[in-house]
A.B. asks: 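This structure is in structure tokens; I'll ask about it shortly.
This one's a predicted model, so the numbers in the text were calculated from it and none came from an experiment.
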There are 2 protein chains.
Amino acid sequence: MAYRETEKVIARKEDKRVRLISAARELIAEGGFSSVQMSSVAAAAGVATGTVYRYFPSKAELVAEVFRVVTQWEVDVMGQVAATGDNPRVRLEGAIATFAKRALMAPRLAYALIFEPGDPLVEAERIVFRRSYARIMSEILKDGIAQGEFISQPVDIVANCIVGGFAEALIGPLAPDHAATQSEREETISTIVNFCLKAVSK
Amino acid sequence: MAYRETEKVIARKEDKRVRLISAARELIAEGGFSSVQMSSVAAAAGVATGTVYRYFPSKAELVAEVFRVVTQWEVDVMGQVAATGDNPRVRLEGAIATFAKRALMAPRLAYALIFEPGDPLVEAERIVFRRSYARIMSEILKDGIAQGEFISQPVDIVANCIVGGFAEALIGPLAPDHAATQSEREETISTIVNFCLKAVSK
DNA sequence: CCATAAAGTGAATCTCCATTCATTTATATA
DNA sequence: TATATAAATGAATGGAGATTCACTTTATGG
């Protein structure tokens, strides 16, 4: 036997895989899905174009994997925050504030994940992602209704209204440039929170 | 002089132009911007591919023109409804119901116009379109605040929340299939209306 | 019917990328 | 060091689709 995969090689491959995903994520964060070109991803990761295909069978799979990795992380973070504390109002506020803080770090990326159509593999992941967000919101709403804090409404529909509302107000085409001032950002976030709380409260 | 453009020719050209725009709109309504191919547009309009270029200098201009025509019409309709009546609650409800009725006729088209990224010409039109919607909402909100019906809030931000919320709930990726049942559709619309009214009311 | 000008045509061209693959380089064991 | 195997390379290939243009058809007025 003259060759076997060693730890070192496995680690280096894993590292390269991560680099490729990061490079692709960075490109999406700059210009959405259409900015992802296999040659650009390769260049950004410091490898040759062909190498990308040793890690991902196609561009569609690469983009879907980026989508999966990024959204799973976001859902985990949001889930943690939304499960913290007993008061559903506080939890709702926390969820929105968390989304805001994170989405505004990379608004174009957030927009792509939430709204930008992509190939079928991406669309399938999007459904998973969106359902996760909707689930988190619905849980808060259900608890709030059970505790008598929130008015009884169809939680699935209301969850969509809330997610759509804050996403639009934060990263939609008319959203103010949040790179600008801290105070403007805070006004936006608190207005959104108040809007949502008022809409669901008893 | 052996040739001059006659009424007949002008009319036929205008008709062809309209056909091309309709064909392109139809394609967007089926699969979004990426479904627009110059050869498909030509085929759908019953002309040769080259003919499209006698009416529009490029695909980008054609799509932008479709965007302009469709959204101007939608904004006009919405503006009419939103200006009808004195009671801001009724006007808000009317605006949302109108959007719902129209968007659900062609959900994929509505999604493209509102959310789907496109080339720079389209993005420029989108800003115009979205500002028009936001303006209509803001007017209702301002009147409501002035009349003491609505709570005082930053109307621009709230307008975005409302537009994002109802768009998401009606045509977002998790929106129920409204081709299904009339009653489900009505439940969705009334839930959204209640949500928005509650959020803005005093 | 003829001459002129525009409208219409669609195959050929051009561009952009995803994907492939013959070749080179690196790693592991004997 | 020599051999075996895998990883990496990047130029070449292939396909999709936007755009062009030499040619054909249609309309107009004399």
Side-chain angles (χ1 to χ4, degrees), chain A residues 1-21 23-24 27-28 30-67 117-122, chain B residues 1-24 26-28 30-67 117-122:
Chain A
M1 208 189 297
Y3 182 94
R4 226 182 343 166
E5 210 173 39
T6 61
E7 287 300 323
K8 206 174 102 185
V9 173
I10 293 176
R12 196 155 45 77
K13 283 207 289 181
E14 178 54 24
D15 175 70
K16 204 161 275 184
R17 193 186 149 82
V18 169
R19 279 170 191 283
L20 287 168
I21 291 175
L27 289 169
I28 298 171
E30 280 162 21
F33 293 134
S34 67
S35 297
V36 178
Q37 288 158 26
M38 295 303 257
S39 55
S40 309
V41 172
V47 301
T49 304
T51 302
V52 182
Y53 287 87
R54 296 191 60 81
Y55 290 81
F56 302 93
S58 68
K59 175 177 165 173
E61 297 272 9
L62 166 60
V63 174
E65 179 65 11
V66 174
F67 197 105
D119 101 336
L121 283 180
V122 163
Chain B
M1 209 190 297
Y3 183 95
R4 227 184 339 166
E5 208 173 38
T6 61
E7 285 301 321
K8 205 174 101 185
V9 173
I10 292 176
R12 196 155 46 77
K13 283 207 289 180
E14 179 55 23
D15 175 69
K16 203 161 276 186
R17 192 185 151 84
V18 169
R19 277 169 191 284
L20 287 168
I21 290 174
S22 298
E26 196 54 38
L27 289 168
I28 297 172
E30 280 162 21
F33 293 134
S34 67
S35 297
V36 178
Q37 288 158 27
M38 295 303 257
S39 55
S40 310
V41 172
V47 301
T49 303
T51 302
V52 181
Y53 287 88
R54 296 190 62 80
Y55 290 80
F56 302 94
S58 69
K59 174 177 164 173
E61 297 273 11
L62 166 60
V63 173
E65 179 66 10
V66 174
F67 197 105
D119 104 335
L121 283 179
V122 163

A.B. asks: Between the protein and nucleotides 22-24 of chain D, list the N/O to N/O atom pairs that are separated by less than 3.5 angstrom.
C.D. replies:
none

A.B. asks: Let me know, please, whether B:Thr6 or B:Gln37 comes out on the 5' side of the other along DNA chain D by nearest nucleotide.
C.D. replies: B:Gln37
A.B. asks: Base, sugar-phosphate, or nothing for A:Val41, non-hydrogen atoms under 4.0 angstrom?
C.D. replies: nothing
A.B. asks: Answer yes or no: does a side-chain N or O of A:Lys16 lie under 4.0 Å from OP1 or OP2 of D:dA8?
C.D. replies: yes
A.B. asks: Can you check whether B:Ile21 reaches B:Phe56 side chain to side chain, under 4.5 Å on heavy atoms?
C.D. replies: yes
A.B. asks: Whether the side chain of B:Ser22 engages the backbone of B:Val18 through a donor-acceptor N/O pair (distance < 3.5 Å, no angle test) should be reported.
C.D. replies: yes
A.B. asks: Could you grab the distance from atom NZ of B:Lys59 to atom CZ of B:Phe33, nearest 0.5 Å is fine?
C.D. replies: 10.5 Å
A.B. asks: Pick the nucleotide of DNA chain C nearest each of A:Gly50 and A:Ser34; which residue has the one closer to the 5' end?
C.D. replies: A:Ser34
A.B. asks: Is the closest side-chain heavy-atom distance between A:Val63 and A:Val66 below 4.5 Å?
C.D. replies: no
A.B. asks: Answer whether the closest heavy-atom distance between the side chains of A:Leu62 and A:Met38 falls below 4.5 Å.
C.D. replies: yes
A.B. asks: Taking NZ from A:Lys8 and P from C:dT29, how many angstroms apart are they, rounded to a whole number?
C.D. replies: 11 Å
A.B. asks: Between atom CZ of B:Phe67 and atom CG of B:Leu121, what is the distance when rounded to the nearest 0.5 Å?
C.D. replies: 11.5 Å
A.B. asks: From D:dT19, C:dG10, D:dG10, pick the nucleotide closest to the side chain of B:Ala48?
C.D. replies: C:dG10
A.B. asks: Would you tell me if any nitrogen or oxygen in the side chain of A:Arg12 comes within less than 4.0 Å of OP1 or OP2 on C:dA26?
C.D. replies: no
A.B. asks: Does anything in residues 51-64 of chain A reach DNA chain C, meaning a heavy atom under 4.0 Å, and if so which residues?
C.D. replies: A:Tyr53, A:Ser58, A:Lys59
A.B. asks: Can you give the donor-acceptor pairs under 3.5 Å from side chains of residues 9-16 of chain B to other protein atoms, not counting sequence neighbours?
C.D. replies:
unit_1	atom_1	unit_2	atom_2	d
B:Lys13	NZ	B:Glu5	OE2	2.7
B:Asp15	OD2	B:Arg19	NE	2.9

A.B. asks: How close do A:Ser34 and A:Gly31 get, counting heavy atoms only, and between which atoms?
C.D. replies: OG-O, 3.9 Å
A.B. asks: Would you kindly give the CD1-to-C1' distance between A:Ile10 and D:dA7, to the nearest whole Å?
C.D. replies: 14 Å
A.B. asks: Is there side-chain contact between A:Thr51 and A:Leu20, with heavy atoms separated by less than 4.5 Å?
C.D. replies: no
A.B. asks: Take the protein atom CE of B:Met38 and the nucleotide atom P of D:dC21, then report the distance between them rounded to whole Å.
C.D. replies: 16 Å
